[in-house]
Amino acid sequence: MELHIQSEFECIYMINGEFCEQADSIYMSEYDVVYVTVLPLKHSLLPYTVKLCGTENVNTELALGIRLSQDHYILSLSPRYLIVYGTNHKPVPPKSHIARLFALLKSNEPAAAYAMLSDELKGVITKDTLSAFFRDYERLIECTWEKGNKFFLIDKNNAAHLHTYALKNEFIDDISECD
């Protein structure tokens, strides 16, 4: 099984005592206990450790671990700040088209999300249809380990649903669920 680790900030990892600069694809057994220590490269962030017991789901303030499929497990990490309470923590803007679209829909900006679609796709769906498609999902995780613009949508039960999207002239031209 492949363990994929993604973080919202620059860091290095110590996985079971060994340093790793990237942890896009680490092989592990379904029954392994894996300790992931996150070492941020920014002075205002604190390190922390996450314990993975096999492929059990993890859901804390800082880490979300989900078994995506029989062969893939994702660990998504959030920053741990020195200051617990405060409002000057700016979220990192998403880089990919689909992540930006999802972020806009979750921040209740359907018009801005709709503007990211190609004219052909706008001719087929409405703003309400677009919002309804993503409504039941709480998180988006991109498949950076595969080609083809694939991503998982995670629902409130932490079930992962594989999707793909296509671009045309830098606009999203298609979104579909994979079998």
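Not less than 6.0 angstrom separates the ring centroid of H72 from the ring centroid of F152.
Surrounding NZ of K122 are more than 12 heavy atoms belonging to other residues, nucleotides or ligands, all under 6.0 Å away. Counting non-hydrogen atoms of other residues, nucleotides and ligands closer than 6.0 Å to CD of E177 gives a total above 12. E10 CD: 12 or fewer foreign heavy atoms inside a 6.0 Å radius. The number of heavy atoms from other shown groups lying within 6.0 Å of CZ (F133) is above 12.
Between atom CG of residue D173 and atom CG of residue D119 there is a gap of 9.5 Å, rounded to the nearest 0.5 Å. Atom OH of Y114 is separated from atom OG1 of T126 by 6.5 Å, given to the nearest 0.5 angstrom. To the nearest 0.5 Å, atom CG of residue L167 and atom CG of residue N149 are 5.5 Å apart. Rounded to the nearest 0.5 Å, atoms CG (L64) and CG (L75) are 8.0 Å apart. For the atom pair CD1 (I15) and CG (L52), the distance works out to 9.5 Å, reported to the nearest 0.5 Å. Residue L101 holds its CG atom at 9.0 Å from CG of L140, rounded to the nearest 0.5 Å.
A 4.5 Å side-chain heavy-atom check between E21 and I12 finds at least one atom pair inside the cut-off. You'll find the side chain of H97 reaches within 4.5 Å of the side chain of Y165, heavy atoms only. Residues I175 and I98 meet the side-chain proximity criterion, which asks for heavy atoms closer than 4.5 Å. Contact check for Y137 versus F102: side-chain heavy atoms found under the 4.5 Å cut-off. Within the 4.5 Å cutoff, side-chain heavy atoms of V36 are placed close to those of V34. Contact of the P79 side chain with the E8 side chain is registered, since non-hydrogen atoms from C-beta on lie closer than 4.5 Å. Put simply, the side chain of Y81 reaches to within 4.5 Å of the side chain of L45, judged on heavy atoms. Within the 4.5 Å cutoff, no side-chain heavy atoms of V50 are placed close to those of Y13.
Taking the six-membered ring where tryptophan is involved, the planes of H163 and F151 are essentially parallel, since the angle between them stays under 30° and well short of 60°.
No cation-pi contact links K106 to F134, judged by a cut-off of 6.0 Å to the six-membered ring centre and 45° from its axis.
For the residue pair M116 and L104, the shortest heavy atom distance occurs at SD-CD1, 3.7 Å. Residues C143 and L162 share a closest heavy-atom pair of SG-CD1, 4.0 Å. When all heavy atoms are compared, the tightest approach of R80 to P47 is NH1-O, 2.8 Å. Between V58 and Y73, the shortest heavy-atom contact is CG2-OH, 3.7 Å. For the pair D174 and L121, the tightest heavy-atom approach, listed with the atom from each and the gap, is N-CD2, 4.1 Å. Residues P110 and L105 share a closest heavy-atom pair of CA-CD2, 4.1 Å.
Of the possible donor and acceptor atoms, one in the side chain of D155 sits under 3.5 Å from a partner among the backbone N and O of N157. Between the side chain of R67 and the backbone N or O of Q70, at least one donor-acceptor pair lies under 3.5 Å. Y35 places no side-chain N or O within donor-acceptor distance of the main-chain N or O of G17, the cut-off being under 3.5 Å. Of the possible polar contacts, one joining the Q6 side chain to the E142 backbone as a donor-acceptor pair under 3.5 Å is found. A donor-acceptor distance shorter than 3.5 angstrom exists from the side chain of Y48 to the backbone of L62, with no hydrogens or angles considered.
Both L3 and L77 belong to a single network of hydrophobic side chains, linked directly or stepwise wherever heavy atoms of I, L, V, M, F, W or Y lie under 4.5 Å apart. I5 and V38 fall within a single hydrophobic cluster, where Ile, Leu, Val, Met, Phe, Trp and Tyr side chains are chained together by heavy-atom contacts under 4.5 Å.
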Stepwise side chain to side chain donor-acceptor pair (under 3.5 Å) check, T49 with T37: CA-CA 4 Å; T49 301; T37 301; 2.9 Å; yes
Test log, rule side-chain contact (heavy atoms from CB on, under 4.5 Å), inputs E2 and Y27: CA-CA 5 Å; E2 288 184 64; Y27 290 96; 3.4 Å; yes
